[in-house]
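Here the structure is a predicted model, which means the values were calculated and not measured. Read the numbers this way: they start at 1 and go in the same order the structure lists the ligands and their atoms.
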Amino acid sequence: MIDFDEAVRLVGEIALPLGRERLAIADARGRILAEPVLARMSAPPSDVSAMDGYAVRETDLDLFPAALKVIGESFPAGGCEARLNAGEAVRIFTGAPIPEGADRVVMQENVHREGALAIIDEAPGPGRHIRGRGSDFKEGDILLEPGRPMDARALVAAAAADVAEVAVWRQPRLFVLSTGDELVDPGQARDGSGTIPESVSFGVAALALDWGATFVGKRRLRDELPTMERIAGEALASADILVVTGGASVGEKDYAKQMFAPYGLDLIFSKVAIKPGKPVWLGRAGRTIVIGLPGNPGSALVTARLLLAPLLAGLSGRPPASALRWRPAPLAAAIGPCGARETFARARWLNGMAVPLSNQDSSAQKMLAMADILVRRRACAPARDAGEMVDVLDF
Ligand SMILES: Nc1nc2c(c(=O)[nH]1)N[C@H]1C(S)=C(S)[C@@H](COP(=O)(O)OP(=O)(O)OC[C@H]3O[C@@H](n4cnc5c(N)ncnc54)[C@H](O)[C@@H]3O)O[C@H]1N2
Ligand code: MOO
């Protein structure tokens, strides 16, 4: 059995980006850039007005009121061709090109019109209200670095760079196999014949999407090895990463690993000294990574958060460690000493403090819904009082 840090290190070794693809920016939301985004034009493309008002010559503003003859209009989509001479102004709007000869804009609030004349009653202050060509960015500038997630702000910058397509890392295709004769679809379990609702795959799929995967399918498997082997083969063929839930322990029908034997499963680790989630395992079968999560729903979601999330982060182009940003936080209540396995207590985040939940059983599902952080407790750590600091992770 290895410890948690070693498991994270081994995950990091195989969590490498899968490959690049080019996507229209409209389809790139949430993806990670594989190449920088360079500006294909300068912004603004010419000197433009920052205000609605009048483009004028500074030298015409020495005596007030100043009466300037309006000789044309400049709109963002079409500038004024005429050149400004002494005593002249051009009506201008925000984003419109500054006409030749003008060197400042007077806001329209400081101007009134008398027919063709723009009258500026008093000195309009120091602001020139001109955005210089390329003052935001210049053609060829790097606007977005590789590794940057295409979030709302990055999408704006890419589009502004006049870039229609970006190079991003491919998303890992994820397939989930849930093992267990007792499992049925939610809505089918109340007939008293010993069945329970299959719940874990829904959480694993949701978590995986949050960490960059695309979901390609799931199957529920009865504990019959020949069928399991056949479906394992189909799932391996369609996925970059295959999650198997349940059957990870030592029970007689725990075939989770065995079903991959025909495909040459190469185990990277099996069992980690953590609570919950001890039976978690990781391996490869051909080009597909296989991660086995324990069947207990609490163990499954905690191990998914602690090991699957960094794995998916890495496969989709982020640093794996970006999924494990622990932060110090005070405890809202005392907790007892930690046992021999490093423990990840389900807790709530309340008023800037960690509130450990009362039911830490790895099968607990109601409590799972209440937990939004994990509290990390090192193996054999002593009891802690309320107010003492612990490391927490968003769950
Ligand atoms: N003799 C030992 N027994 C167990 C050990 C051990 O070391 N020695 N480890 C325990 C630990 S720790 C865990 S965690 C569990 C996990 O074992 P499995 O991965 O084999 O899980 P299952 O036996 O398949 O299921 C456990 C439990 O969870 C329910 N389950 C399973 N899958 C789902 C699902 N998709 N949705 C909802 N619920 C699910 C299942 O019905 C069982 O109740 O083993 C301990 N035993
Ligand atoms: O890992 Mo098991 O999760 O301790 O119940």
Side-chain angles (χ1 to χ4, degrees), residues 1-4 7 174-208 215 217-225 227-228 231-232 235 242-260 265 267 269-283 290-308 336 338-346 356-357 359-369 371 374-377 379 395:
M1 191 148 60
I2 59 172
D3 68 14
F4 177 63
L174 177 120
F175 201 107
V176 182
L177 294 178
S178 315
T179 70
D181 285 338
E182 71 283 23
L183 304 176
V184 293
D185 286 340
Q188 309 294 317
R190 280 167 301 168
D191 64 3
S193 63
T195 55
I196 59 163
E198 194 285 304
S199 58
V200 170
S201 70
F202 296 91
V204 168
L207 180 140
F215 187 62
K218 69 174 177 181
R219 289 290 293 269
R220 243 185 321 99
L221 298 180
R222 298 186 61 79
D223 298 318
E224 297 156 357
L225 193 52
T227 322
M228 292 172 87
I231 293 172
L242 181 49
V243 178
V244 186
T245 68
S249 192
V250 292
E252 272 184 20
K253 290 184 170 183
D254 286 348
Y255 297 136
K257 287 174 219 128
Q258 232 175 306
M259 68 172 141
F260 296 100
L265 177 69
L267 264 186
F269 62 71
S270 178
K271 286 205 174 71
V272 180
I274 54 175
K275 192 174 169 184
K278 178 182 69 174
V280 64
W281 56 275
L282 179 70
V290 188
I291 182 165
L293 308 180
N296 275 322
S299 316
L301 276 233
V302 169
T303 47
R305 178 64 188 86
L306 294 175
L307 298 169
L308 178 61
C338 186
R341 277 190 275 159
E342 189 162 337
T343 296
F344 298 91
R346 275 74 77 212
L357 297 171
N359 184 358
Q360 293 291 329
D361 193 287
S362 58
S363 67
Q365 301 185 76
K366 176 181 168 188
M367 217 36 107
L368 202 52
L374 294 175
V375 173
R376 182 175 189 177
R377 313 261 1 256
F395 188 12

Next on the checklist: What I'd like to find out is whether the side chain of T303 reaches to under 4.5 Å of the side chain of P294, using heavy atoms alone.
Outcome noted: yes
Discussion item. S201 versus ligand 1: do any nitrogen or oxygen atoms come within less than 3.5 Å of each other?
Written reply: no
Exercise. Would you confirm whether R377, through its side chain, and G336, through its main-chain N or O, come within 3.5 Å as a donor-acceptor pair?
Key: yes
If we number the atoms of ligand 1 from 1 as shown, the ones under 4.0 Å from a heavy atom of P294 are 14 (S), 16 (C), 19 (O)
min-distance protein heavy atom vs atom 41 (O) of ligand 1 -> E182 OE2, 2.6 Å
ask   = Hey, are the side chains of L374 and L306 touching, using non-hydrogen atoms and a 4.5 Å cut-off?
value = yes
Any N or O of K278 that comes nearer than 3.5 Å to an N or O of ligand 1?
yes
among protein heavy atoms, the one nearest atom 45 (C) of ligand 1 is S249 OG, 3.9 Å
Near G246 (heavy-atom distance under 4.0 Å), the atoms of ligand 1 are 19 (O), 21 (O), 24 (O)
Within the distance-only criterion (no hydrogens, no angle test), does the side chain of Q360 pair as donor or acceptor with the backbone N or O of S362 below 3.5 angstrom? no
Per-atom filter on ligand 1: closer than 4.0 angstrom to a heavy atom of A248 are 18 (P), 19 (O), 20 (O)
Sub-3.5 Å N/O-N/O distance, S178 and ligand 1: no
E198 heavy atoms within 4.0 Å reach ligand 1 at atoms 34 (C), 35 (N), 36 (N)
Taking T245 for the side chain and G295 for the main chain, is one N or O donor matched with an acceptor at less than 3.5 Å? no
d(L207 CG, L301 CG) to nearest 0.5 Å is 7.0 Å
- Message: Donor-acceptor pair, distance only, cut-off 3.5 Å: does the side chain of N296 make one with the backbone of G298?
- Response: no
* Asked: Can any side-chain N or O of E342 pair as donor or acceptor with the backbone N or O of A273 at less than 3.5 Å?
  -> no
**Report entry** pair T227-R222: side-chain heavy atoms closer than 4.5 Å
**Finding:** no
Near I196 (heavy-atom distance under 4.0 Å), the atoms of ligand 1 are 38 (N), 41 (O)
Of I274, V302, V200, the residue with the heavy atom nearest atom 34 (C) of ligand 1 is V200
The reported gap from CZ in R220 to CG in D185 (rounded to nearest 0.5 angstrom) is 4.0 Å
Atom 23 (O) of ligand 1: closest protein heavy atom, distance to 0.1 Å, is D254 OD1, 4.3 Å
Of all protein heavy atoms, the one nearest atom 8 (N) of ligand 1 is V250 CG2, 3.6 Å
of all protein heavy atoms, closest to atom 37 (C) of ligand 1 is S199 OG, 3.2 Å
- Message: In the structure I gave you, are the side-chain heavy atoms of L293 and S299 within less than 4.5 Å of one another anywhere?
- Response: no
If we only consider heavy atoms of P276, is any one of them less than 4.0 Å away from an atom in ligand 1? no
min-distance protein heavy atom vs atom 21 (O) of ligand 1 -> G295 N, 3.2 Å
Discussion item. Within the structure, is a non-hydrogen atom of P279 found at a distance of less than 4.0 Å from ligand 1?
Written reply: yes
**Prompt:** Around R219, counting heavy atoms of other residues, nucleotides and ligands shown, do more than 12 lie under 6.0 Å from its CZ?
**Reply:** no
Output for pair (I231 CD1, T179 OG1), nearest 0.5 Å, gives 12.0 Å
Open item on the list: Is any side-chain heavy atom of K218 closer than 4.5 Å to one of V204?
Closed with: no
Check contact between P197 and ligand 1, using heavy atoms of the residue and a distance below 4.0 angstrom. yes
Notebook entry, point to check: Are the side chain of T343 and the backbone of R341 linked by a donor-acceptor contact shorter than 3.5 Å?
Noted result: yes
Query raised in the report: Less than 3.5 Å between some nitrogen or oxygen of G277 and one of ligand 1, yes or no?
Result: no
for atom 27 (C) of ligand 1, nearest protein heavy atom and its distance come out as N296 OD1, 3.2 Å
Item to complete: Please verify whether a non-hydrogen atom of G247 lies at under 4.0 Å from ligand 1.
Response: yes
| message | Check whether R346 reaches the backbone of F344 with its side chain - one donor and one acceptor, N or O, closer than 3.5 Å. | response | yes
Ordered by chain then number, the protein residues lying under 4.0 Å from ligand 2 by heavy atom are P276, G277, K278, P279, N296, S299, R341, S362
